Amino acid sequence: MSAKLLLPLALLLGSCASAPEPEAQTNSQVTTTPQTEVMERVVTAPAPTQTREQRFSAWKADFTARAVAKGYAPELLARTVGRAQINERAIERNDNQPEFTRPVWAYIESAASADRITRGRSELSEHSDVFDEVEARYSVPRHILTAIWGLETSYGRIMGDFDIVDSLSTFAFEGRRQRFGEQQLFAVLDLISAGEVREEQLRGAWAGAMGMTQFIPTTFRDYAVDFDADGNKDLWTSERDALGSAANYLSRSGWRPGEPVMAEVIVPDGFDYGQLETVSKTVNDWTALGVRPANGMRWGGSAGLLSAKLLAPAGARGPKLLVFKNFDVLKRYNNSTSYVMGIASLGDALRGRNAIRTPWPKDDKPLSFEDKKRLQERLTELGYSTGGVDGQIGPNTRKAIRAWQRDNGVVADGYVEQGLLARILG
Ligand SMILES: [Ca+2]
């Protein structure tokens with residue numbers, strides 16, 4: 001690709017950062033990019049006749065100057081951003097995140113695989129003293145923490161080998177994660193300046209997540225704890241620190257002790273799916289609409305007062321779920337419905353429970369990234385605004401799909417597979 005083509009591409013992708021659709025971010029839901037900042041960056045970008053390497057060097061110099069003006073030491077900048085290299089692998093991974101690109105059932109089955117359940121039970125038993133202390137301090141249940149640990153790093157076995165200064169510099173330099181990359185780089189500078197992380201520890205997953213419970217630098221800086229009280233916040237080799245930090249993060253994000261994450265439900269025939277996803281009601285109000293637990297139980301007194309939303313991740317034919325406040329808290333870890341369903345499913349499996357009983361419609365052919373863009377373009381053309389075309393099906397796109405479905409006599413569940421896509425495209 002020529003240098004001339006790169007700048008417009010960066011512009012296009014950069015505009016996605018402030019789109020209202022959820023963006024793939026590992027425990028990083030802080031803010032979206034204000035459009036003005038992206039525009040300023042682009043306007044002041046060097047001329048497109050420069051090579052990409054030259055523009056990267058110019059970006060490093062610019063970032064360094066801004067960081068030094070904020071009071072960070074020039075030597076620190078030289079040792080970090082100054083030696084950074086563009087990491088193409090991080091860009092590829094950013095574009096192919098399994099929680100956004102795989103069918104929801106495939107993601108959940110892989111999350112709660114037999115192997116992960118077996119290993120998780122053995123970790124629960126081996127570290128029961130750690131979990132006793134963490135639960136006593138933070139009131140976040142052990143099966144949820146174990147599920148996060150298992151899904152993030154296979155219980156500390158796969159923590160990532162990316163140089164995170166390279167990854168984050170790459171994101172800060174170009175693409176749709178510029179603000180994310182910069183925020184995380186400043187957090188890296190904070191962590192090193194404060195002596196909380198050594199430079200040689202700065203390895204992790206492609207998006208900068210570190211340690212057994214995969215904390216990105218801002219989360220590390222703001223929520224990591226030295227739970228074993230040895231003077232270091234060591235998320236790489238101390239289970240107490242990693243699990244205590246994850247519990248502290250969830251607790252401070254609003255975790256509600258004793259409340260569920262999600263519950264599979266059955267809805268009556270002719271149910272109005274217009275209430276999916278956007279409407280919060282108490283369990284009692286959902287019950288009054290004929291929604292009942294899929295496990296045949298009844299909701300007890302205090303459960304009836306909990307607020308919940310209804311999801312149908314694979315449409316009316318697939319499982320339906322009530323999701324509670326703790327579902328949103330887990331989204332702080334990773335803003336993906338599939339991810340949180342994966343955590344809840346693995347967590348339940350570790351307790352010997354079956355989170356989801358209804359079969360998924362596995363014969364459905366899911367949409368590719370390009371299909372999703374074509375769908376968004378077509379819906380927009382037809383007057384059903386999707387709030388932009390980014391190839392990610394988020395709340396705005398699902399709202400547009402439901403409106404099209406209502407107008408065309410299709411069950412308005414906001415779910416599109418290949419068959420319905422063909423119909424919408426006409
Ligand atoms: Ca420690």
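As the structure is a computational prediction, the values presented were derived from the model and not from experiment. In each ligand, atom 1 is the first atom listed, and ligand 1 is the first ligand listed. Quick note: numbers below take in every heavy atom, side chains included, and nothing from hydrogens, waters or symmetry partners.
Side-chain rings of Trp206 and Phe162 stay apart, their centers remaining 6.0 Å or farther from each other. Between Phe63 and Phe186, the distance from one ring center to the other falls under 6.0 angstrom. Separation of the Phe171 and Phe173 ring centroids does not fall under the 6.0 Å cut-off.
With the Ca ion (ligand 1) as vertex, Asp226 OD1 and Asp241 OD1 subtend 90°, rounded to 10°.
Not a single N/O/S atom of Asp234, whether from backbone or side chain, sits less than 3.0 Å from the Ca ion (ligand 1). In summary, an N, O or S atom of Asn232 is located under 3.0 Å from the Ca ion (ligand 1).
Tyr249 and Tyr333 have perpendicular rings, their planes meeting at more than 60° on a 0 to 90° scale where under 30° would count as parallel.
Using a 4.0 Å cut-off between charged nitrogen and carboxylate oxygen, Asp166 and Arg83 count as a salt-bridge pair.
For the Ca ion (ligand 1), the nearest N, O or S atom contributed by Asp230 is named OD1. Note on Asp228: its N/O/S atom closest to the Ca ion (ligand 1) is OD1.
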